[in-house]
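Residue numbers start from 1 in every chain, and the chains themselves are labelled A, B, ... in the order their sequence lines are given, proteins ahead of strands.
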Amino acid sequence: MPSCQRGPNWRQPSSHKEVTRSMASQYNPQDIEEKWQAHWEKIGIYRAHDDSDKPKFYSLVMFPYPSGDLHMGHMRVYTISDVISRRMRMLGHNVLNPMGWDAFGLPAENAAIKHSLHPQKWTKENIRFMRDGQLKKLGTSYDWEREVTTCDANYYGWTQWLFLKFFEKGLAVRKEAPVNWCPECCTVLANEQVEDGACWRHPETRVEQKKMSQWFLKITNYSEELLADLDTLKGWPESVRTMQQNWIGKSVGAELRFTVESKPNVQISVFTTRPDTAFGVSYVVLAPENPLVEELTTPEQRDAVRAYVEKTRLKSELERMATEKTKSGVPIGCQVINPFNGEVVPIWVADYVLMNYGTGAVMGVPAHDERDFIFATQHKLPITEVISPNGEPGAELKEAFTEHGVMVNSGEFNGLKSDIAKDKMTDWAADHACGAKRVQWRLRDWLISRQRYWGCPIPLVHCDDCGIVPVGEDEIPIVLPVEGIEITGQGGSPLTKMESFLNAPCPKCGKPGRRETDTMDTFIDSSWYFLRYCDPKNKKEAFSKKNVDYWMPVDQYVGGVEHAILHLLYSRFFTKACRDIGLLSCDEPFTNLLSQGMVTKLSSISGRIEKMSKSRGNVVGTNDFFKRYGADSARLFTLFAAPPEQELEWSEEGAIGQYRFLGRVWRIITELIDNQAVVDLNEPVDHDKLDAAGKNFHKLIHKTIKAVSHDLERGRFIFNTAIARCMELVNGLYKYAQELTARSNNGNGKAAKSQESTTLAPQGDALSKEEVQLLSFAVKSLLLVLAPMAPHITEELWKLSGYIKKEGDSIHNSTWPGFIEALTVDDEIELVLQVNGKIVNKVPAARGLQKDVAEKLAMDDDKVKAKIEGQSIRKVIVVPDKLVNIVI
RNA sequence: GCCUUUGUAGCAGAAUCGGUAUAUGCAUCUGUUUCAAAAACAGAAGUUUGAAGGUUCAAGUCCUUCCAGAGGCACCA
């Protein structure tokens, strides 16, 4: 596509004009960007200091997985976070803006199998390229001294140490449980890593349920706190809080116990959120996996029940959920006694009841539960109404009535409102030893074992005598072997075949034992990396409490919404657990969260606008773009095209538009400098000495500073409007410069014509001192407010304007500009005159008019007069400095 | 089914408290410049705010219902 080849390198061979034009007037990002990146690194201006008089600001972006290549879609999040960091630095904060690598994980192993390259080598090479060839070229302001890589032993050793602490506290436990197995990854997965019954890595692969003995972290110990503290996270998007709330899934109800008629010592517990419907129970259902099924089934029913259980076992979870219209089931032959009314009802087994929620058993109340209604209708079980909308029993039930109402057919509870009866009946059950109040959670413990090689080894030894024994703290790190490992993808983790790794003495008794070969879920690595950033080089501790208490919590976290549950929930849990272990003091890790939207682009494969990704064939590479238009243009476009939390469609034309804008900034400022129309400004502009055009422009500058400051305020971050304001200022600068140029050209008579027809800026010697000052103020302010968003061009122009005098000077070390409030408001406003809410006229008026003066102004207006003539006025509304509305 | 969220010129998006509907960019058109084009500079045009009701002197903004898109949870008892 030759038409796309435009850009700074584009030259027409016959263009002689290009040759004669001064070099300074050409904006060439490739001449300045790498130069400044190297310089910033040399003078170390982005280092964070662990002690400082300045207020701290911890700016964090979700660290990347080193997959090898970042594209423009990835760059959005780094740009947003970088602008925030840079601006906070200019506001006088001690900013921590670190970067690292989430470097353990399956893709490295898969790549190893494919290219027969060791995961470590693959990962390290990717990191080097992504760091030096991509992130640095974007112009990010990271403190690379604090770089953290989770697959380095000096990091994962502390991951193991934290595991031991969790183990000590009883927060890491081994238990046998049904777990999700991904046949593609050949490993188990956490619940959070299963989406719609499929592995989150490949949606086409269904996970299988297996019963295995595995390591879990007891995140459920923190269910209540994780839920309750969501309310304190005012700086989080509502949507993310809701998603976590749904995931934790608290439901309050009761556990009721039904005694088996033929075996009085056996009880079936059910969980219900509606104990008020207990008089309507017409059967009790067990999940097919419930061990009570085998225990209670009568000989006559045994064959039917076994066949049914076997049938459901073969169904996938998806198939089990698919049957919404029909509900299969088989009676097991015996009955339970309803403790409330003494009624004897049958026990069934049915696959609409799930073993892994509640107690794996449910009381069937067909009249007041949709699923039970379908089940009872199908299997001809009685339907007893116990709650009525109006207290009148006997209505024909065509479907389940699931709302609250008034109790009927419920003995001593009749007539009560059902929501009140809920508590009373729970109390009754507790008093009669057949139930209790109970809270049920959806959240389950975090399964962290992975049967994979490229992860953090779990620091345990299996001993025949002592069982499973944690290694001593002095043995840490348990190093993941790199040499002599052969990764084939066959027959499980290579660790299981590596004798030198496997053989280890029992830490307790010293006899030969065998090391645990499972590694940890990589989400463990990322659950505490933000703590390590606070103290990345500590060789004695995971992090010092002093440093963590200084920097934490993170003031602004930026990342993708795909981690709304997974990473963010795990990190919150880790923070609380570390707090209880005594390692730190805060309750929540991330005070403010910005979830940036994804970057999309038309995919030539599907023909639709989709998330930018390699597999969809719609990626825009970083380096092609940087070379052609510069990182500053890329940054501005991603900030400008949409608000940060919204989706952003990448557009080549739009991005070039930003390049054009920066070209405008470059041309006007370099020309002003060439013409000596700007000076090193060190005194304020004297507003009163300016002419009308000057006054207007001076006000525009103050308005711009105010508006950009407001848009970039903490928690607001509306970069698109901030850039729009900068554009307005540039447009204003062109206009003002043009007026000054026209004036001096008129004065000089003919001077203008010939080759000066493209002149943008006036000559300095044709201007008054105030005008030069005003232009200088405009240039200085524009560069300062633009600096966080376009760091390279602003630094170069800052230097050309003479503000860099010694090493260490940088626009990024400068102070964010202030503004004079009085100069942000206009003296004259346009007063809108309405009759009956319809606009009749707009007239200029002085600001701050008294209400009666404004009203008189409106009444005297000819157009208004014509409208209201002969009518009686019912009411006049005056909104000061806005409008007058006459109601007739 | 439940919850969250979005709907404004051709496109992306602005619009404190309800108070002149659209800043800014892309695209389009015109002029200057040019042999011509591009670039640059200057200028113009365009919607009645997804739909219907309601509250109000006044609604893009508040309320109700509906329609459409995006995301989350879901046989959760």
Using both distances under 3.5 Å as the test, list the Watson-Crick or G-U wobble partner of [N], or none.
| N | result |
| --- | --- |
| B:rC29 | B:rG43 |
| B:rU64 | B:rA52 |
| B:rA23 | none |
| B:rA70 | B:rU4 |
| B:rC17 | none |

Does a nitrogen or oxygen in the side chain of A:Arg667 sit under 4.0 Å from OP1 or OP2 of B:rC41? yes

Report yes if at least one side-chain N or O of A:Lys842 is closer than 4.0 Å to OP1 or OP2 of B:rU20; otherwise report no. no

Taking the side chain as every heavy atom from C-beta outward, state whether [X] and [Y] have any pair of such atoms under 4.5 Å apart.
| X | Y | result |
| --- | --- | --- |
| A:Phe640 | A:Met727 | yes |
| A:Asn191 | A:Val194 | no |
| A:Glu830 | A:Val843 | no |

Using the closest heavy atom to pick a nucleotide of RNA chain B for each, name whichever of A:Val879 or A:Ile718 lands nearer the 5' end. A:Ile718

Return whichever of A:Ile565 or A:Ser239 has its heavy-atom-nearest nucleotide of RNA chain B closer to the 5' end. A:Ser239

Any base atoms under 4.0 Å from [X], or only sugar-phosphate, or nothing? Heavy atoms, all strands.
| X | result |
| --- | --- |
| A:Gln646 | sugar-phosphate |
| A:Glu830 | base |
| A:Val832 | base |
| A:Lys882 | sugar-phosphate |
| A:Gln834 | base |

Please check if the number of heavy atoms outside A:Glu370 that lie under 6.0 Å from its CD is greater than 12.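 Count not over threshold, so no.
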
